Amino acid sequence: MLDITLLRTDPDGLAASFAHRGLTIDVPALVALDESRRRTRAAAEELRAAQNRAGKEIARLQGADKQAAIAAAADLAEQYKAALAEADVLDARFEAMWVPLPNPPHASVPKGVTDADNVTIKTRGTLPSFGFPVLDHVDLGERLGLLDMDRGAKVSGSRFAFLKGRAVMLEFALVQWALGRLMEEGFTPVVPPVLVRDQALFGTGFFPGARDQVYAVGVSDAKGNITADDLYLVGTAEVPLAGLHADEILDAAMLPLRYAGFSTCFRRESGTYGKDARGIFRVHQFDKVEMFSYCPPERSWEEHDALLAIEESLIAALGIPYRVVNVCSGDLGDSAAKKYDIEGWFPGQNAYRELTSCSNTTDYQARRLRIRYREGSGDPAMAHTLNGTAVAVGRTLIALLENGQQADGSVIVPEVLQPYTGFERLS
RNA sequence: GGAGGGAUGGCCGAGCGGACGAAGGCGACAGUCUUGAAAACUGUUGAGCCCCAUCGGGGUUCCGUGGGUUCGAAUCCCACUCCCUCCGCCA
C-alpha cells in the first residue's frame, strides 16, 4: 500500500510512477474520491461529537428532562448512523482502488515490459571452457546418483524430484555455510513457519495478485472432500519473516534488523507449462536461505546495496560466474521499488539464469503489515523492508554441478564447502 | 477429539451500562535532592484517522476480531479467532 500523502501532495508524480510501470491509473479520480470521503467522514464525526455531548447531558438529567433529552438524542443517533454508513461506503470504494496499486519504482529502475528489458549492470567471473562435451545437471545428477526425476514424477507429479546421496550433503553444506556467513553479517538465523495465513500473504503483496502461484492447504474428510483450512504454503521465507514484526513498533536502535530464514518454498508455477521442463531448475518445491531486513527509510538504499553485495560474495565464493541485472519496471512485482537479480552461469543451458533476487520494498509491505519504528521518544514512522536470496539451494546445486564438472564425469566441490561436506568431489 | 478458564495501555492488573483512553502497580523519561550514584519525592508517559494552526490546539476511533441491543457499551447479547489448564491421541 502506498503512502496517501503521495496522492495529496504530488498526484502528478504518482501518475508518472504508474506510467513508469506501464499502467494507466485515473489519479484525478482518486484525488476526488479521497476528498469526498474525508468530507463525509468529517461530517459523520461532527454528528458523533454532538451525540457524545448529548450523552453526557443525559447522564446528568432526571425525570421529564431526561426523557426529552433521550428522545432528541435518538434522532441524532439515527443521523449519525446514516452518515457513518455513507463514510464507510466511500472508504471501502477508495480502498478497493488504492490498496492494489503497486509501489512506485525508484528513479534508477529501467523502463521496460519483460525481463528482456532488464539492464545488466555488471558481469563477474570467467566462463569455464571444458575440453569435453558439457553435460547438464540432469545427466550429471542421474549419472552420479544425486537426482531422480522419474521417481519424483511417479510419486508427486511433474516438477518434483528426489535429491539423493552426496547432493543432500552438499545441500546441507551450502545451507550451513551460508548461515554462518550471514551470522557474521549480523543476521539472526530463523526457521520460520512455512504455512501462513492469508494475512501474511496480503501483507507482503503476494495476495491478491499472485494467488494462483500459491498452494492453499485444505483438510480432507472421510469422503475425500477437501475443505479449506485458510493456510497457505509459502513460496519464500520472505513471507513469514515480514510477518514476524507485523503490528510492532521497533526501536530505531535495533535497526537494521536482519534475519536469515531457512525454509522450504512451494510454488505452483502456473502458466509456465513449457518453460524449464527439464531437471530441477523450476520445481514446485525447493529449499532456500533468504535474507530479510527491517530498516529505517533513510538507510534502505544503502541496505539494498549491502544485501546485493552479500549475495555477490556468496556466489563469487562458490566460483559461479554471474552478472547482476537491474530489473525493469514491467518485471518488478507490485511490492518492489527496485530489484536486482543475480544471474548465474549455467553451462548446461549455455546461458545466464536467475539465481538470486534482491528487492527493496520500501514502506510498501510495512504499511500493509503495520511495521513501524521509533527514534527515541519521537513519533512512530513506517519502516522499510528488504529481502534477498542468500542461497536458492536447487539452482545453486545445478550451477555447482554444471560449472564444476570434470572430464572424468566427476564434480569438484567448491573449497568453501569442503569443511562442511567432508568430501572434495562428487563421483 | 472431550472438559473447563481466559484475552484490557510497554508489562502486571482493576473495572462488569453514563463521571473510562480507562484505577493501582511496575517499567521508561524529566525534575528536586546528592560531590556522584542509589533511595525518596514531583511530574510526564499508547496508537490510528480528520480539522485548524507557527511551537500548539480541537474532534473522532481503538479495551482479541466482526456483528447486535441502547440516547449511551471495556461493561449486555451473538458469532468467530487466539491463548492457557486437564484428559485422550500422536511425531
Side-chain angles (χ1 to χ4, degrees), chain A residues 1-9 30-99 191 193-203 217 219-222 227-232 240 243-255 257 264 294 363-383:
Chain A
M1 198 173 6
L2 311 189
D3 185 348
I4 201 146
T5 57
L6 289 174
L7 182 69
R8 293 175 188 167
T9 61
L30 277 167
V31 171
L33 185 53
D34 179 46
E35 278 169 7
S36 80
R37 73 194 258 263
R38 278 148 81 192
R39 260 198 313 277
T40 309
R41 177 70 54 189
E45 286 185 358
E46 251 168 66
L47 282 167
R48 182 61 164 170
Q51 198 192 13
N52 285 341
R53 280 194 300 273
K56 283 193 173 120
E57 191 62 24
I58 287 168
R60 217 174 305 132
L61 295 172
Q62 292 297 328
D65 287 348
K66 184 167 192 150
Q67 291 316 310
I70 286 175
D75 191 49
L76 254 182
E78 281 308 308
Q79 289 182 50
Y80 169 62
K81 222 183 233 178
L84 182 68
E86 198 186 337
D88 286 348
V89 165
L90 287 177
D91 272 358
R93 196 180 300 163
F94 179 80
E95 265 158 37
M97 293 170 74
W98 186 250
V99 172
V191 179
V194 294
L195 281 170
V196 299
R197 301 177 167 191
D198 60 2
Q199 177 70 17
L201 285 153
F202 269 104
V217 174
V219 183
S220 67
D221 62 19
T227 54
D229 218 13
D230 201 28
L231 283 173
Y232 301 86
L244 184 61
H245 289 299
D247 292 308
E248 293 183 25
I249 300 173
L250 304 167
D251 182 353
M254 296 161 54
L255 306 180
L257 186 56
T264 302
Y294 295 87
D363 60 6
Y364 190 84
Q365 295 179 333
R367 185 163 284 107
R368 288 178 160 221
L369 291 165
R370 293 165 308 281
I371 300 162
R372 291 169 292 170
Y373 77 105
R374 189 201 306 271
E375 191 85 52
S377 57
D379 289 333
M382 287 297 162

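Please read all numbers here as calculations on a predicted model, not as lab measurements. Numbers restart at 1 for each chain; the letters A, B, ... are given by sequence-line order, proteins then strands.
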Complementary nucleotide for B/G66 - Watson-Crick or wobble, under 3.5 Å
B/C78

Heavy atoms only: give me the nearest A/S36-A/T40 pair and the separation to one decimal.
O-OG1, 2.6 Å

Please measure how far the C1' atom in B/G21 lies from the corresponding atom in B/A47, and state the result in whole Å.
11 Å

Would you check if the side chain of A/R372 reaches a backbone N or O of A/D379 as a donor-acceptor pair within less than 3.5 Å?
no

Classify the side-chain pair A/Q51/A/R48 by whether it contains a donor and acceptor separated by less than 3.5 Å.
yes

With rounding to the closest Å, how many angstrom separate the C1' atoms on B/G10 and B/G27?
8 Å

Return the set of residues passing ring pair (Phe, Tyr, Trp, His ring centres under 6.0 Å) with A/Y232 (not counting sequence neighbours), or none when no residue passes.
A/F207

A/R37 side chain vs A/E35 backbone, donor-acceptor pair below 3.5 Å:
no

Select base, sugar-phosphate, or nothing to describe what A/R374 touches, counting heavy atoms under 4.0 Å on all strands.
sugar-phosphate

B/G27 pairs with which nucleotide, Watson-Crick or G-U wobble, both distances below 3.5 Å?
B/U45

Need to verify one output field. Residue with the more 5' nearest nucleotide on RNA chain B, A/I4 or A/K66?
A/K66

Verdict with reasoning, A/L30 to A/M97, per side-chain contact (heavy atoms from CB on, under 4.5 Å)
CA-CA 8 Å; A/L30 277 167; A/M97 293 170 74; 3.8 Å; yes

A/D88 vs A/R41, side-chain contact (heavy atoms from CB on, under 4.5 Å): CA-CA, chis, key distance, verdict
CA-CA 8 Å; A/D88 286 348; A/R41 177 70 54 189; 3.0 Å; yes

When rounded to the nearest Å, what value does the distance between P atoms of B/G72 and B/U61 take?
12 Å

What's the gap between B/U60 and B/G1 when it is taken at their C1' atoms, as a whole Å value?
47 Å

Base, sugar-phosphate alone, or nothing: which one does A/R38 contact when heavy atoms must sit under 4.0 Å apart?
sugar-phosphate

Watson-Crick/G-U partner (both atom distances under 3.5 Å) of B/A22
none

Under 4.0 Å from a heavy atom of chain A: give me the 5'-most and 3'-most nucleotides of RNA chain B that qualify.
B/G18 to B/C82

Across all chains, not counting sequence neighbours, the salt bridge (charged side-chain N to carboxylate O under 4.0 Å, His left out) partners of A/D363 are A/R367

Evaluate the criterion side-chain contact (heavy atoms from CB on, under 4.5 Å) for residue pair A/R8 and A/R38; output intermediate values, then yes/no.
CA-CA 12 Å; A/R8 293 175 188 167; A/R38 278 148 81 192; 3.2 Å; yes

Where each residue is assigned the nucleotide of RNA chain B containing its nearest heavy atom, which of A/K81 and A/R372 is assigned the position nearer the 5′ end?
A/R372

Applying a 3.5 Å limit to both distances, which nucleotide forms a Watson-Crick or G-U wobble pair with B/A37?
none

Report the residues that fulfil ring pair (Phe, Tyr, Trp, His ring centres under 6.0 Å) with A/Y80, sequence neighbours left out, ordered by chain and then residue number.
none

Nearest-Å distance once atom P is located in both B/G9 and B/A14:
13 Å

Nearest-angstrom distance, C1' atom, B/C63 to B/A74:
5 Å

So which heavy atom on A/A383 is nearest to which on A/A366, and how close?
O-CB, 3.1 Å

Report the C-alpha separation of A/M382 and A/D3 in whole Å, then their side-chain angles, then the decisive distance to 0.1 Å, and conclude whether the side-chain contact (heavy atoms from CB on, under 4.5 Å) test is met.
CA-CA 10 Å; A/M382 287 297 162; A/D3 185 348; over 6 Å; no

With C1' as the reference atom in both, quote the distance from B/A40 to B/G66 in angstrom, rounded to an integer.
49 Å

Close residues, residues 68-77 of chain A, relative to RNA chain B [heavy-atom separation under 4.0 Å]
A/I70, A/A73, A/A74, A/A77

Could you list by number each residue of residues 46-53 of chain A showing a heavy-atom separation from RNA chain B of less than 4.0 Å, or answer none if no residue does?
A/R48, A/A49, A/Q51, A/N52

For B/G1, give the paired nucleotide (Watson-Crick: N1-N3 plus N6-O4 or O6-N4; G-U: N1-O2 and O6-N3; both under 3.5 Å), or none.
B/C87

Mind checking if A/R8 touches a base, just sugar-phosphate, or nothing, with heavy atoms under 4.0 Å?
sugar-phosphate

Roughly how many Å apart are B/G13 and B/G18, using the C1' atom of each and rounding to a whole number?
24 Å

With a non-hydrogen cut-off below 4.0 angstrom, is A/R197 in contact with a base, only sugar-phosphate, or nothing?
sugar-phosphate

Would the distance check show the side chain of A/W98 and the main-chain N or O of A/L2 forming a donor-acceptor pair, the cut-off being under 3.5 Å?
yes

